[in-house]
2 protein chains.
Amino acid sequence: MARPHTALLDRDRITAAALELVDQTGDFTVPALARRLGVQTASVYHHVEGRAGIVELLRDWIGRQMDFSPLELQPWDAAMAGFARSYRAAFAAHPRLVTLLATSTVRSPAVITAYERMATVLAEAGFPHEDVIAVLTALENFILGSALDLAAPAVMWEVPDGVDAPGLTSFLAAAPQGTDRADRAFELGLQSLLGGFRALLKG
Amino acid sequence: MARPHTALLDRDRITAAALELVDQTGDFTVPALARRLGVQTASVYHHVEGRAGIVELLRDWIGRQMDFSPLELQPWDAAMAGFARSYRAAFAAHPRLVTLLATSTVRSPAVITAYERMATVLAEAGFPHEDVIAVLTALENFILGSALDLAAPAVMWEVPDGVDAPGLTSFLAAAPQGTDRADRAFELGLQSLLGGFRALLKG
DNA sequence: ACCTGAACACCGTTCAAGT
DNA sequence: ACCTGAACACCGTTCAAGT
C-alpha cells in the first residue's frame, strides 16, 4: 500500500482505539491497537512517541472530559467539592483507565488550569499561602485513591480462608453494595475532608 | 545441574530479589529476577504461580512490614491515625512498590485483621453500622492516594509550556519541598479527614 | 509525510529431560 | 521435588523500502 491519499491514522483515532482496548481488557498493546485500526504495528509509531506517547494521549483525553465549571461556585468548599466530583466522574466512566494513569504527576493543561483556579480560590478563602499546596495535594490524593477504588472488584476487602473477621464481614453486609458502595465512601470522605479543611480556616 | 542438594530457590529469596528490582528499577521481570538469583528463568516457576504470584508475595510482604500496635490506642481517632501512618510508612520505605500493588482489593491476612480491629473500634465509638465500611474505605482511599504520591516525582504539578499558572507556581514555591511536601500533605489530610469523621459522630 | 514488511531484543510461560 | 535448556507466542521498537 504505502502512503495512501487519505491518512489511515491520526492521534484521535489512536486515542479512541486505545481507550476501547483499556475499557474492554484493562490494558492495551501496540499490536492489538494496530489490529483494531486495520494497520501494521509499525505505522502507529509514525504518529506517537512510542507506547508511552499513547498513555500521554489518554492522560490528556481524560483531562478534557472533566467539567471544571463547578470551580466558579461559591463558597470555596462548594467549588472544591464540584471539582472533586467532576474529576472522579471522568474516571468513573472509564474505571480501568485509572491504574494506567495512576502515577500522580499532573501535566494536562486543563487539569493544571483547574488546580490554578483552586489554588486562587483557597488563598482568597483565607488559607495560609504555605498550606495551599498541602490542601490541594491531600484532596488530589483522596480523589486518586477513590478513582482507583472504582477500578477495584466489587469487594474491597476479601477475607481469606483461615482469617476470622466477623465484624468486618457483618459491616460489609450492612453497607451499600455495587456502585453505591464506592459512591457512598467517596461522598462521605469528601464531606469529611472538606469539613476538616473548614476547621483549619477557623483554627 | 538439575536438582541440587540444598535448594537454590525459595519464596523468601524470590520476594527479596523482586523487592530489590522494584526498588531499583520501579518494576521487575521474571528473567531479570532469575539472573539476579543466578538461576534459569524457568526455575522460578517451580516456586510461584507465574509473575502474578510474585506480585502476591510482595503484597503479603508489605502487609507484614506494617506495625499495627497503634490500633490499641485510645480514643478511636488516635488508633485510626496510628494505623494510617503505619500503613503509609511501609510504602514510604519502598515507594516504587505502590504502583505495582495499587489495585485496591485487600487480601493480606495482617491487613484484613487490622481492618477488622478498626471496624470494631469504629462501631464501639458509635458510628452507625451501615457507615463503618464507608469510613474505612474513605480512609483507605486517602492512604493509597498518599502512598502513590510517595512514588511520584518531586513535583506533583508540572506547569507545561504555554500554560499560565502564576498562583500555583508561587504557592509551590512557598510550600515545603522534597519528602516534607508529601509528609505535610498526608498529615494535613489525615487530620482533616479525622476531624470530619469526628463531626459525623456528633451530627 | 505515511504505511509496510522484516528484523531485533525482550518477555511470560510451558514442558520434557535430568537428578 | 527442583533445576535446566529449548521452545512458543507475544511485545515494544527500529529501519529500509515503497509511494
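Throughout, a chain's letter reflects where its sequence line sits, starting with A, and its residues are numbered from 1. Values reported hereafter were calculated over all heavy atoms of this structure, with side chains retained and with hydrogens, waters and symmetry mates removed.
- Remark: P of C:dC2 and CG of A:Asp10 are 10 Å apart, rounded to the nearest angstrom.
- Spacing between atom CD1 of A:Ile14 and atom C1' of C:dC2 amounts to 12 Å, rounded to whole angstrom units.
- Rounding to the nearest 0.5 angstrom, the gap separating the CG atom in B:Leu97 from the CD1 atom in B:Ile62 is 5.0 Å.
- With a 3.5 Å limit on both pairing distances and Watson-Crick or G-U wobble geometry required, the stems of 3 or more pairs in DNA chain D span C:4-8 with D:12-16, C:12-16 with D:4-8.
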Could you go over nucleotides 11-13 of chain D and give all protein N or O partners under 3.5 Å, atom names and distances?
{"unit_1": "D:dC11", "atom_1": "OP1", "unit_2": "A:Thr29", "atom_2": "OG1", "d": "3.4"}
{"unit_1": "D:dG12", "atom_1": "OP2", "unit_2": "A:Val30", "atom_2": "N", "d": "2.7"}
{"unit_1": "D:dT13", "atom_1": "OP2", "unit_2": "A:Tyr45", "atom_2": "OH", "d": "3.1"}
{"unit_1": "D:dT13", "atom_1": "OP2", "unit_2": "A:Arg51", "atom_2": "N", "d": "2.8"}

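- Here B:Ser43 pairs with B:Leu9, B:Val39, B:Gln40 under the side chain to side chain contact (heavy atoms under 4.5 Å, CB included) rule; sequence neighbours left out.
- Residues passing the side chain to side chain contact (heavy atoms under 4.5 Å, CB included) test with A:Ala138, sequence neighbours excluded: A:Phe197, B:Phe142.
- A salt bridge (Lys or Arg N to Asp or Glu O under 4.0 Å) check over residues 83-94 of chain A, counting only residues at least two apart or in different chains, returns the pairs A:Arg85-A:Glu187, A:Arg88-A:Asp183.
- Put simply, A:Gln40 has a side-chain N or O that comes within less than 4.0 Å of OP1 or OP2 on C:dG5.
- Residue A:Ser43 has no polar side-chain atom (N or O) positioned under 4.0 Å from OP1 or OP2 of C:dC2.
- Atom-to-atom, CG of A:Leu37 to P of C:dC3 comes out at 10 Å; the value is rounded to the nearest Å.
- Side-chain N/O atoms of B:His47 include one lying less than 4.0 angstrom from OP1 or OP2 on D:dC3.
- Judged as a salt bridge (charged side-chain N to carboxylate O under 4.0 Å, His left out), and not counting sequence neighbours, the contacts of B:Glu56 are B:Arg59.
- Applying the ring-ring contact (aromatic ring centres under 6.0 Å, His included) test to B:Phe28 and every residue at least two apart in sequence or in another chain returns nothing.
- With sequence neighbours left out, A:Tyr45 forms a ring-ring contact (aromatic ring centres under 6.0 Å, His included) with no residue at all.
- Sorted by first and then second residue, the salt bridge (Lys or Arg N to Asp or Glu O under 4.0 Å) pairs with a member in residues 30-52 of chain B read B:Glu20-B:Arg36, B:Asp27-B:Arg51; sequence neighbours excluded.
- In this structure, NE2 of B:His46 is placed 8 Å from C1' of D:dT4, rounded to the nearest angstrom.
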